[in-house]
Amino acid sequence: MSASQRQQLDQIAADIQQKNICPDLAKTATQLVMGDGNVDADIVFIGEAPGKNEDEQGLPFVGAAGKFLNEMLAAAQMTRSDVYITNIVKYRPPNNRDPLPEEKAAFWPYLVKQLQIIQPKVIITLGRHSMEYFLPGMKIGQIHGQPKRIPFGDGHVVIMPLFHPAAALYNGSLRQTLIDDFLKVPGVVEEIKKASV
Ligand code: URA
């Protein structure tokens with residue numbers, strides 16, 4: 001893990017606090033939940049916002065949806081330390097309500113900075129809240145599991161939209177669809193690596 005990347009990510013967290021981003025959420029949340037995992041990862045997962053467990057522990061995806069995410073990572077021969085996991089909104093919305101458009105917009109520039117530091121090969125959006133920022137106007141039901149190369153920063157990045165593990169957790173057919181899509185991720189990363197040699 002690169003110390004300077006870690007320092008730059010810590011600086012983003014400090015900026016969010018110093019600029020008092022989403023003060024109403026900051027007041028009701030326990031803490032900022034920035035991200036977890038390998039800051040040199042090829043794959044970054046982006047969820048919606050922290051829930052109760054994440055708010056308490058200060059880490060993304062540590063509740064029921066996180067357990068399912070860990071199981072899918074294991075099925076794809078990966079662990080959390082191979083990837084980086086974050087959310088578009090970094091404070092827990094009260095009562096786990098959906099993040100508001102203005103909350104997502106306020107956090108978006110900080111998510112972009114995180115991604116510019118980590119420079120993943122693939123960004124996996126979990127659910128529509130993070131997908132809509134990278135692939136505006138697209139419908140998750142139509143494009144889930146399909147990698148899309150988009151302009152990003154000074155170059156391009158591949159976005160792979162997946163259903164949100166919390167939505168799929170208790171829905172048999174969605175659950176299998178998510179698992180099937182998830183198992184395609186290592187192959188997508190390999191293809192990108194081959195293409196960039
Ligand atoms: N759901 C999310 O979108 N993010 C988390 O961190 C946990 C649950």
Side-chain angles (χ1 to χ4, degrees), residues 9-10 12-13 16-17 21-22 24-26 28-39 41 43-76 78-115 118 120 122-135 138-141 143-145 159-171 174-175 177-179 181-182 185:
L9 289 168
D10 288 347
I12 298 175
I16 290 172
Q17 280 161 325
I21 301 303
C22 293
D24 292 344
L25 289 187
T28 53
T30 307
Q31 57 190 317
L32 192 63
V33 180
M34 283 303 290
D36 183 31
N38 182 346
V39 298
I43 307 172
V44 171
F45 289 87
I46 307 174
E48 181 179 319
K52 186 172 186 296
N53 294 285
E54 290 77 20
D55 178 62
E56 283 167 7
Q57 295 183 41
L59 291 168
F61 284 95
V62 290
K67 189 165 170 275
F68 183 29
L69 181 60
N70 292 349
E71 285 167 15
M72 289 188 288
L73 283 168
M78 291 185 276
T79 69
R80 287 175 75 110
S81 53
D82 295 321
V83 302
Y84 191 84
I85 304 173
T86 188
N87 285 303
I88 181 158
V89 168
K90 310 301 201 229
Y91 289 119
R92 180 192 183 200
N95 303 315
N96 295 350
R97 65 155 168 75
D98 279 357
L100 302 174
E102 56 267 34
E103 292 164 350
K104 290 183 271 183
F107 276 107
W108 169 249
Y110 298 95
L111 176 61
V112 171
K113 285 185 196 166
Q114 276 180 303
L115 294 168
I118 300 169
V122 180
I123 296 171
I124 313 266
T125 56
L126 297 170
R128 66 184 172 83
H129 289 283
S130 56
M131 183 196 78
E132 70 191 12
Y133 265 84
F134 295 95
L135 302 170
M138 300 214 180
K139 297 257 177 292
I140 192 157
I143 61 158
H144 65 88
I159 309 293
M160 180 137 170
L162 298 189
F163 285 112
H164 195 290
L169 198 52
Y170 303 113
N171 175 326
L174 209 56
R175 187 184 167 94
T177 303
L178 175 55
I179 294 170
D181 287 347
F182 203 102
V185 171

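Reckoned from all heavy atoms, side chains included, excluding hydrogens, waters and symmetry mates. First listed ligand is number 1; within each ligand, the first listed atom is number 1.
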Peer 1: CD1/Ile123 to CG/Leu115 distance, rounded to the nearest 0.5 angstrom?
Peer 2: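 Rounded to the nearest 0.5 Å, the CD1-CG separation comes to 4.5 Å.
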
Peer 1: Mind listing the side-chain donor-acceptor pairs of residues 62-74 below 3.5 Å, one per line with the distance, residues two or more places apart or on another chain?
Peer 2:
unit_1: Asn70; atom_1: OD1; unit_2: Arg80; atom_2: NH1; d: 3.1

Peer 1: List every atom of ligand 1 that sits less than 4.0 Å from any heavy atom of Gly47, numbering the atoms from 1 in the order shown and giving each element.
Peer 2: 3 (O)

Peer 1: To which protein heavy atom is atom 4 (N) of ligand 1 closest, and what is the distance rounded to 0.1 Å?
Peer 2: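 Its nearest protein heavy-atom neighbour is Asn87 OD1, 2.8 Å.
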
Peer 1: Output yes when the distance from some N or O of ligand 1 to some N or O of Phe61 is under 3.5 Å, and no in every other case.
Peer 2: yes

Peer 1: For ligand 1, is any non-hydrogen atom under 4.0 Å from Glu54's backbone (N, CA, C, O), its side chain (CB onward), both, or neither?
Peer 2: side chain

Peer 1: Is the side chain of Gln114 donor-acceptor paired with the backbone N or O of Met34 at a distance under 3.5 Å, no angle test?
Peer 2: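 Yes, Gln114 side chain to Met34 backbone: donor-acceptor pair under 3.5 Å.
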
Peer 1: For ligand 1, which atoms have a heavy atom of His164 less than 4.0 angstrom away?
Peer 2: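 Checking each atom against His164, I get 1 (N), 2 (C), 3 (O).
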
Peer 1: Decide yes or no for Asp98 and Arg128: does some side-chain heavy atom of the first lie under 4.5 Å from some side-chain heavy atom of the second?
Peer 2: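 Sidechains of Arg128 and Asp98: in contact.
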
Peer 1: Can you tell me if Asp55 uses its side chain to pair, donor with acceptor, with the backbone of Thr30 under 3.5 Å?
Peer 2: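 Yes.
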
Peer 1: Could you list the atoms of ligand 1 found under 4.0 angstrom from a heavy atom of Pro60?
Peer 2: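 Per the distance check, 6 (O).
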
Peer 1: Tell me the contacting part of Ala49 for ligand 1: side chain, backbone, both, or neither, using a 4.0 Å heavy-atom threshold, strictly below.
Peer 2: backbone

Peer 1: Using salt bridge (Lys or Arg N to Asp or Glu O under 4.0 Å) as the criterion, list what pairs up with Asp82, not counting sequence neighbours.
Peer 2: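 If we apply the salt bridge (Lys or Arg N to Asp or Glu O under 4.0 Å) test to Asp82, skipping adjacent residues, there are no hits.
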
